[in-house]
Amino acid sequence: MKFGRLNGERVRPEPHLKGVRCSKCDTELVAKCGKIRAFHWAHKNKLQCDDWMEDDNKWRDSCLNEFEDDWQESLIDRGGVSHFADIETDKNTIILLHQSRLTPEIIREREDFYQTPVWIFNAGLH
């Protein structure tokens with residue numbers, strides 16, 4: 001994930017930054033700031049709290065960077081169930097970035113939850 005929370009503020013990963021928490025599950029995050037993958041936050045317990053979220057990579061990061069920070073990685077709650085949306089615009093349009101395989105059932109489940117999202121697929125990786 002690109003943003004964590006520190007003292008109520010959204011923060012990007014920085015080496016050695018401590019005390020950052022996940023917006024969804026409130027567990028501690030660890031900054032991953034290497035040279036190969038895009039800088040990102042990972043759960044310290046190594047468990048992803050939202051299995052709908054795509055892995056961080058340069059393609060996803062470059063897409064997210066086309067939008068305002070406040071629109072990125074919004075936590076959407078519907079009926080006590082929450083998931084991150086890659087992008088939520090100021091008009092509440094949900095945009096999902098995806099590059100792994102999806103079944104029709106998964107697509108239907110996510111479209112029901114996000115209520116007609118816009119999908120952006122990276123089909124060039126396979």
Side-chain angles (χ1 to χ4, degrees):
M1 78 183 41
K2 188 172 180 178
F3 294 97
R5 290 222 173 264
L6 181 62
N7 301 322
E9 299 293 321
R10 286 168 42 108
V11 293
R12 291 176 183 261
E14 295 178 25
H16 312 296
L17 192 58
K18 303 287 184 201
V20 177
R21 315 287 294 182
C22 175
S23 298
K24 183 176 188 302
C25 68
D26 197 40
T27 59
E28 189 174 355
L29 299 174
V30 176
K32 300 290 184 169
C33 300
K35 294 181 180 179
I36 297 173
R37 292 182 60 196
F39 283 20
H40 66 281
W41 291 108
H43 288 77
K44 188 172 185 178
N45 62 12
K46 300 190 181 187
L47 297 176
Q48 174 66 276
C49 69
D50 189 352
D51 59 354
W52 287 11
M53 198 166 193
E54 285 280 292
D55 288 339
D56 291 287
N57 58 60
K58 289 180 182 179
W59 173 79
R60 181 177 182 273
D61 196 49
S62 68
C63 289
L64 288 173
N65 286 337
E66 295 297 318
F67 298 89
E68 298 177 31
D69 283 357
D70 290 346
W71 292 9
Q72 299 175 33
E73 293 183 352
S74 295
L75 189 60
I76 308 299
D77 188 290
R78 302 222 197 280
V81 175
S82 61
H83 291 286
F84 286 102
D86 294 304
I87 299 145
E88 181 183 24
T89 71
D90 59 349
K91 305 284 188 210
N92 298 321
T93 299
I94 301 294
I95 302 171
L96 303 177
L97 306 172
H98 208 82
Q99 61 184 19
S100 59
R101 294 182 186 265
L102 291 172
T103 65
E105 294 79 20
I106 290 172
I107 292 170
R108 191 172 313 109
E109 179 183 27
R110 294 183 189 184
E111 288 185 346
D112 287 347
F113 179 81
Y114 292 115
Q115 302 173 358
T116 317
V118 174
W119 293 86
I120 298 175
F121 290 96
N122 181 3
L125 281 182
H126 300 288

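What you see is a predicted model, and the numbers here were worked out from it, not measured in a lab.
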Got a second to check how far Asn45's CG is from Cys25's SG, nearest 0.5 Å? 7.0 Å
Connected via hydrophobic side-chain network under 4.5 Å: Leu64 and Met53: no
Closest heavy-atom contact between Ile95 and Asp86? O-CB, 3.4 Å
Going from CD1 on Ile87 to CD1 on Ile120, what distance comes out if it is rounded to the nearest 0.5 angstrom? 5.5 Å
Tell me whether the count of non-hydrogen atoms from other residues, nucleotides or ligands lying under 6.0 Å of CD in Glu9 goes above 12. no
Check the hydrophobic clustering (I, L, V, M, F, W, Y; side-chain heavy atoms under 4.5 Å; chains of links allowed) and say if Leu75 and Val20 are grouped together. yes
Between the OG1 atom in Thr93 and the CH2 atom in Trp71, the distance rounded to the nearest 0.5 Å is 8.5 Å
What's the separation between atom NZ in Lys58 and atom CG in Asn65, rounded to the nearest 0.5 Å? 13.0 Å
Are there over 12 heavy-atom neighbours, none belonging to Asn7, within less than 6.0 Å of that residue's CG? no
Using side-chain heavy atoms (C-beta onward) and a distance below 4.5 Å, is Arg110 in contact with Pro117? no
Say whether, by atom type as modelled, one donor and one acceptor occur between the side chain of Trp41 and the main chain of Val11 under 3.5 angstrom. yes
Heavy-atom distance under 4.5 Å between the side chains of Asn57 and Gln99, does that happen here? yes
With ILVMFWY side chains joined below 4.5 Å, transitively, what does Phe121's cluster contain besides itself? Trp52, Ile76, Val81, Ile94, Leu96, Leu102, Ile106, Ile107, Phe113, Tyr114, Trp119
For Leu29, which of Lys44, Lys18, Met1, Arg5 qualifies under side-chain contact (heavy atoms from CB on, under 4.5 Å)? Met1
Between Asp61 and Phe39, is any pair of side-chain heavy atoms under 4.5 Å apart? no
Donor-acceptor pair, distance only, cut-off 3.5 Å: does the side chain of His98 make one with the backbone of Ser100? yes
Of all the heavy-atom pairs spanning His43 and Cys49, show the shortest one and how long it is. NE2-SG, 3.4 Å
Taking the side chain as every heavy atom from C-beta outward, state whether Glu54 and Leu97 have any pair of such atoms under 4.5 Å apart. no
Checking side chain to side chain donor-acceptor pair (under 3.5 Å) between Lys2 and each of Gln72, Glu73, His40, which is the one that passes? Gln72
One should read off an interatomic distance between His83 NE2 and Ser74 OG, to the nearest 0.5 angstrom, of 14.5 Å
